[in-house]
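Have a look at the structure below, then the notes.
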Amino acid sequence: MTTETKAPGHLSPSEAVLSSVYQSAARLGLSAEVVDLLRTSWREVRAQLPVRMDNRKLQIFEGYRVQHNGARGPYKGGVRFHPAADLDEVRALAMLMTYKCALMELPFGGAKGGVMCDPTRMSETELNRLTRTYTQHIGMVLGISRDIPAPDMGTNAQTMAWMMDAYGQRYGHTPGIVTGKPVELGGSHGRDQATGRGVAICMREYAAIEGVAPADARVVIQGYGNVGSWTARIAHEMGFRVIAVSDIKGGIVNRAGLDPKALDAWFAVAGSVAGFEGGEPITNTDLLELECDYLVPAALGEVITGENAPRVRARAVIEAANHPVTPEADAVFAARKVPVLPDILVNAGGVTVSYFEWTQNIQQFRWSLETVNSELEKRMVSAFRDLMARAGRDGTLPRQASFDIGVERVGKAILLRGFV
Ligand code: NAD
């Protein structure tokens with residue numbers, strides 16, 4: 001939801017993130033000066049992006065790059081192409097990146113980019129031109145030790161190849177300027193599946209704490225893009241029963257478990273999970289309310305709100321998307337004792353392998369897929385266990401513990417650098 005359309009009393013995306021930060025700062029006893037630094041972004045670039053469309057008409061898009069906090073290292077964060085990627089949304093996502101990188105102990109600060117556009121209604125050549133124009137307009141704030149973009153919703157490895165090329169034309173060949181590139185251009189093995197793999201690892205670790213065998217756990221996933229589809233495939237490999245998936249065109253449910261190979265074959269032809277014959281159709285609204293063990297929102301933010309949270313029948317919510325659960329919904333789940341595993345842990349596999357890609361580019365060296373996956377496994381499991389231990393020690397919810405760890409590390413770096 002954009003700032004302009006927010007309902008009275010409803011927190012905008014950045015206000016929602018800040019509410020978690022303020023609570024952590026109070027628990028940690030951070031000074032008002034440190035909190036003031038965290039409240040705002042270090043730099044926000046807003047750019048006018050004129051693009052000649054295929055019909056020869058000029059269309060002017062609006063794009064952003066928000067660098068929230070760089071106390072722990074160069075800014076890092078994805079680029080989102082989406083009609084709702086307004087400044088407040090991008091600012092919120094940049095803040096989440098600051099704490100996500102800190103939680104995962106990656107040597108990065110937090111940033112995010114966005115262009116308000118609908119990539120599903122643009123041709124490949126239009127997207128290529130838009131990406132190059134965007135890169136030219138924000139290029140001066142990027143750099144291999146300054147700010148390193150990556151893919152997010154509506155962008156992919158091809159978008160990163162165009163960004164790398166546009167940046168290289170002006171500043172010289174610099175593969176490490178973006179991560180999530182195609183492997184042929186210096187991308188890392190395993191980056192495409194990394195976010196979904198991290199989601200599945202968190203779900204597996206959580207099931208182990210609950211004493212639930214994967215075969216006995218029914219999983220529902222909203223979104224079948226990069227994150228949702230890889231989560232489905234890897235969760236299936238781990239033995240989970242994925243019973244429903246959806247995308248923007250609709251969903252499918254099969255309580256006996258969906259066959260991911262047949263689903264992928266259907267998706268390759270139809271471009272959507274909707275219509276797949278190995279399941280019954282279901283709407284996105286109903287999918288979120290299906291009885292299941294683990295509900296994995298892996299599409300948009302703010303899909304579970306104070307309104308529909310009382311009807312969610314999952315035993316736990318695993319946040320694969322960024323901020324899919326609003327603070328109002330968090331309060332409902334806390335009262336109902338439905339655990340929510342937070343986004344800044346659950347979807348951190350992507351930025352973790354982006355970090356591996358960046359280090360490989362700097363060393364001009366390549367890791368095998370096995371090395372990438374085993375290093376990712378170690379980092380995800382360690383961050384998951386640290387977070388659960390912190391929540392147990394302090395008697396906090398997992399989201400609160402995740403922010404406590406992230407905010408504490410960023411606050412320490414701010415003090416050590418002498419920012420305040
Ligand atoms: P994507 O563009 O590849 O896929 C998005 C999916 O969501 C698609 O299946 C699309 O059809 C579906 N969708 C869009 N609007 C919808 C709607 N209104 N209802 C239901 N489904 C809808 O994006 P992605 O990269 O998979 O990202 C998904 C989420 O994960 C985002 O919140 C993103 O910020 C987050 N995330 C992504 C990465 C990454 O590495 N790609 C890393 C961390 C977090």
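Treat the numbers as computed from the prediction; the structure is a model and nothing was measured. Start at 1 and go down the list; that is how both ligands and their atoms are numbered. Just so it is clear, the values below take in all heavy atoms, side chains as well, and ignore hydrogens, waters and symmetry mates.
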Donor-acceptor pair, Gln400 side chain versus Leu397 backbone, under 3.5 Å?
-> yes
Indicate yes or no: does an N/O atom of Asn322 lie under 3.5 Å from an N/O atom of ligand 1?
-> yes
Near Asn284 (heavy-atom distance under 4.0 Å), the atoms of ligand 1 are 19 (N), 20 (C)
Polar atom proximity, Lys112 to ligand 1 (N or O, under 3.5 Å) = no
Taking both backbone and side-chain atoms of Val227, is any N or O found less than 3.5 Å from an N or O belonging to ligand 1?
-> yes
Identify which of Val351, Thr120, Leu300, Ile344 has a heavy atom lying nearest to atom 18 (N) of ligand 1.
-> Leu300
Decide whether Thr195 and Asn347 meet the rule of one side-chain donor and one side-chain acceptor closer than 3.5 Å.
-> no
Interatomic spacing from CD1 in Ile344 to OG in Ser402 - rounded to 0.5 Å = 3.5 Å
Looking only at distance, does Asn347 have an N or O less than 3.5 Å from an N or O of ligand 1?
-> no
Quick note on ligand 1: atoms under 4.0 Å from a heavy atom of Thr195 include exactly 38 (C), 39 (C), 40 (O), 42 (C), 43 (C)
Quick look: Arg191 vs ligand 1, heavy-atom contacts under 4.0 Å, and the answer is side chain
Do the side-chain N and O atoms of Ser188 and Gln360 include a donor-acceptor pair separated by under 3.5 angstrom?
-> yes
Under a 4.0 Å heavy-atom limit, does Ala320 contact ligand 1 with its side chain, its backbone, both, or neither?
-> backbone
Indicate the ring-plane relationship of Tyr224 and Phe267, choosing parallel, tilted or perpendicular according to the 30° and 60° boundaries.
-> tilted
Looking only at distance, does Gly350 have an N or O less than 3.5 Å from an N or O of ligand 1?
-> no
May I ask you to check whether Asp192 and Asn226 show a side-chain donor-acceptor distance below 3.5 Å?
-> no
Among protein heavy atoms, which lies nearest atom 25 (O) of ligand 1, and at what distance?
-> Asn226 CB, 3.8 Å
Can you find an N/O atom of Ala299 closer than 3.5 Å to an N/O atom of ligand 1?
-> yes
Atom indices of ligand 1, in the order listed, that fall short of 4.0 Å to a heavy atom of Arg80 | 31 (C), 32 (O), 33 (C), 34 (O)
Just checking, any donor-acceptor pair under 3.5 angstrom between side chains of Glu377 and Asn373?
-> no
Sub-3.5 Å N/O-N/O distance, Ile248 and ligand 1 | yes
Ligand 1 to Gly225 polar contact by distance, N or O atoms, under 3.5 Å = yes
For atom 2 (O) of ligand 1, closest protein heavy-atom neighbour = Gly154 N, 3.2 Å
